Structure formats: structure tokens, C-alpha cells
Engineer: 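Below are the C-alpha cells for one structure; questions will follow.
Source: prediction; values computed, not measured.
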Amino acid sequence: MLGDTNAECKRREGRIVKHLYQYKFPIGSLWLAEENGTLTYVGFDEQDQRIRGYQYGNTPFLKEVAHQLEEYFNGQRKQFQLPLAPQGTDFQQKVWRELQAIPYGETRSYKEIAHRIGNPKACRAVGQANNRNPISIIIPCHRVIGHSGELVGYGGGLEIKQFLLELERKYV
């Protein structure tokens, strides 16, 4: 986990500081957002309502996020070391924690995730939580596939999901 004493000071002062910045990667543009030194969003849509009210501006923290993503795309990073603050329901948080447990280069089905979180009948709800993941790639929702192995749903499009899975298989 990254430490950010500046963010800690701002939190103690009671100020909420939110920043949003766009980076170019091999899959296209990604928007990265932070709130007080924690990552809140990695996504494809600048208009996503979850990042309304964020100021445009690059920060040392967002530069570090971009650096780790660059390492990931170059096959040099298999795990991210960043403080995350995804906003969601308790159920979504449970699903997102389980997504983070999927090893690099591997996949799980929605059904497997439902079983792993102790709710085997919640396949559709797992799919919805996966769809609402605000921190793409770093919380690896692209590693979740259909029960029969087919690629289904991804916020950035199935071609990007396929690219990410092939990238990871290449560097396992």
C-alpha cells in the first residue's frame, strides 16, 4: 500500500480533495480518479456519474497509479500496490474483494464467485456487482467469465476484456 502523508493531512483538516485525470494506454484512454490519496475510479467513461464533482488535475498519486498500470500492460506487474476506496454496497464490496483474490492470468465464473462469497444462488447479483466495479483492471472484473467459458459483459467492451485476458496469459 502506498502511503500519502499529504492525503492524511488533508483528511485530518476535514477537506475532501478529488482529482480526475486521463491517461492513454494500449487499450485506449482510461480515467483515473482519487479522493484524498486513495483510488476511487479506473474506467473508460469521463461522464460516469460516480466521478462527478472531481477536479481535473494530475497528482503524484495518480502518476503512481498510471505507472503501475503501465507496468501491468508491459507484463512487469501482476499485483497492484495501491490504496483502494471503491464505493458500493456491502454485497458489492464482498464481490470486489473476491475479484481481487482471482490470481493473475486466471478466470472465474460468476457462479464460482457466488459460491466463494457464500451465496450460490446470487450469480446474477454477482454479475451486477461486477458491472458496477468502479476500479477496472485493478479490481480485475475482466477475469470473470460465463459458466461455459464464454466472454460476457465488460464496461470497456468485450474486445478489451479479451485483450486483458490474453495479455495476462502471455505473461503468466
Side-chain angles (χ1 to χ4, degrees), residues 1-2 20-35 38-45 48 50-51 61-120 122-172:
M1 295 287 178
L2 293 176
L20 174 69
Y21 200 75
Q22 181 183 32
Y23 287 91
K24 303 266 188 235
F25 292 103
I27 59 172
S29 291
L30 283 174
W31 291 91
L32 311 180
E34 72 160 298
E35 183 174 323
T38 60
L39 190 61
T40 58
Y41 184 82
V42 173
F44 305 94
D45 185 6
D48 191 305
R50 293 175 287 192
I51 52 176
F61 176 76
L62 291 177
K63 288 177 184 175
E64 177 59 25
V65 174
H67 174 73
Q68 289 191 30
L69 282 165
E70 286 171 13
E71 290 178 333
Y72 168 81
F73 286 117
N74 291 327
Q76 300 166 317
R77 177 173 293 276
K78 294 183 169 86
Q79 290 186 316
F80 294 93
Q81 300 295 314
L82 299 162
L84 307 179
Q87 299 297 308
T89 67
D90 289 342
F91 180 82
Q92 289 170 334
Q93 296 284 343
K94 187 184 270 193
V95 170
W96 298 337
R97 280 190 298 277
E98 192 58 40
L99 298 181
Q100 291 177 78
I102 302 171
Y104 180 93
E106 295 185 21
T107 58
R108 301 288 184 269
S109 71
Y110 295 99
K111 184 176 183 177
E112 287 175 288
I113 300 295
H115 279 276
R116 289 175 187 260
I117 64 169
N119 199 341
C123 296
R124 282 198 170 142
V126 166
Q128 290 172 342
N130 204 46
N131 179 265
R132 295 296 302 153
N133 172 17
I135 305 177
S136 295
I137 302 170
I138 294 170
I139 298 178
C141 53
H142 62 277
R143 295 181 189 155
V144 183
I145 59 174
H147 181 65
S148 61
E150 74 277 9
L151 296 186
V152 292
Y154 189 67
L158 290 180
E159 54 285 335
I160 291 177
K161 183 173 190 165
Q162 184 171 353
F163 173 86
L164 294 171
L165 292 173
E166 288 174 1
L167 174 84
E168 291 184 8
R169 284 187 203 116
K170 178 179 175 181
Y171 292 111
V172 168

Engineer: Rounded to the nearest 0.5 Å, what separates atom CZ in R50 from atom OH in Y41?
Structural biologist: 6.0 Å

Engineer: Can a donor-acceptor pair be found between the side chains of E35 and T40 at a distance below 3.5 Å?
Structural biologist: no

Engineer: Between atom CG of L30 and atom CG of L69, what is the distance when rounded to the nearest 0.5 Å?
Structural biologist: 6.5 Å

Engineer: Working to the nearest 0.5 angstrom, can you tell me the gap between C123 SG and K111 NZ?
Structural biologist: 6.5 Å

Engineer: What I'd like to find out is whether the side chain of H67 reaches to under 4.5 Å of the side chain of E71, using heavy atoms alone.
Structural biologist: yes

Engineer: Any idea how F44 and Y154 line up, ring-wise: parallel (<30°), tilted (30 to 60°), or perpendicular (>60°)?
Structural biologist: perpendicular

Engineer: Check this for me: K94, atom NZ, are more than 12 non-hydrogen atoms of other residues, nucleotides or ligands nearer than 6.0 Å?
Structural biologist: no

Engineer: F25 vs F73 aromatic rings, parallel, tilted or perpendicular, using cut-offs 30° and 60°?
Structural biologist: tilted

Engineer: Rounded to the nearest 0.5 Å, what separates atom CD in Q81 from atom CD1 in I138?
Structural biologist: 11.0 Å

Engineer: CD1/I51 to CG/L20 distance, rounded to the nearest 0.5 angstrom?
Structural biologist: 4.5 Å

Engineer: Under 4.5 Å between any side-chain heavy atoms of D48 and W31, yes or no?
Structural biologist: no

Engineer: Could you tell me whether the side chain of V144 reaches within less than 4.5 Å of the side chain of S109, counting heavy atoms only?
Structural biologist: no

Engineer: Does the side chain of L167 reach to within under 4.5 Å of the side chain of Y72, using non-hydrogen atoms?
Structural biologist: yes

Engineer: Considering non-hydrogen atoms only, spot the tightest contact between L82 and L39 and give its length.
Structural biologist: CD1-CD2, 4.3 Å

Engineer: Under 3.5 Å, is there a donor-acceptor pair between the H142 and Q162 side chains?
Structural biologist: no

Engineer: Do the non-hydrogen side-chain atoms of N130 and L99 ever get within less than 4.5 Å of each other?
Structural biologist: yes

Engineer: Is R143 paired with E168 through a side-chain N to carboxylate O contact shorter than 4.0 Å?
Structural biologist: yes

Engineer: Going by an N to O cut-off under 4.0 Å, is there a salt bridge joining E106 and R108?
Structural biologist: yes

Engineer: Roughly how far, to the nearest 0.5 Å, is the CD atom of Q92 from the CG atom of N131?
Structural biologist: 9.5 Å

Engineer: Find out whether I113 and I102 are in side-chain contact, i.e. whether some heavy atom of one side chain is under 4.5 Å from a heavy atom of the other.
Structural biologist: yes

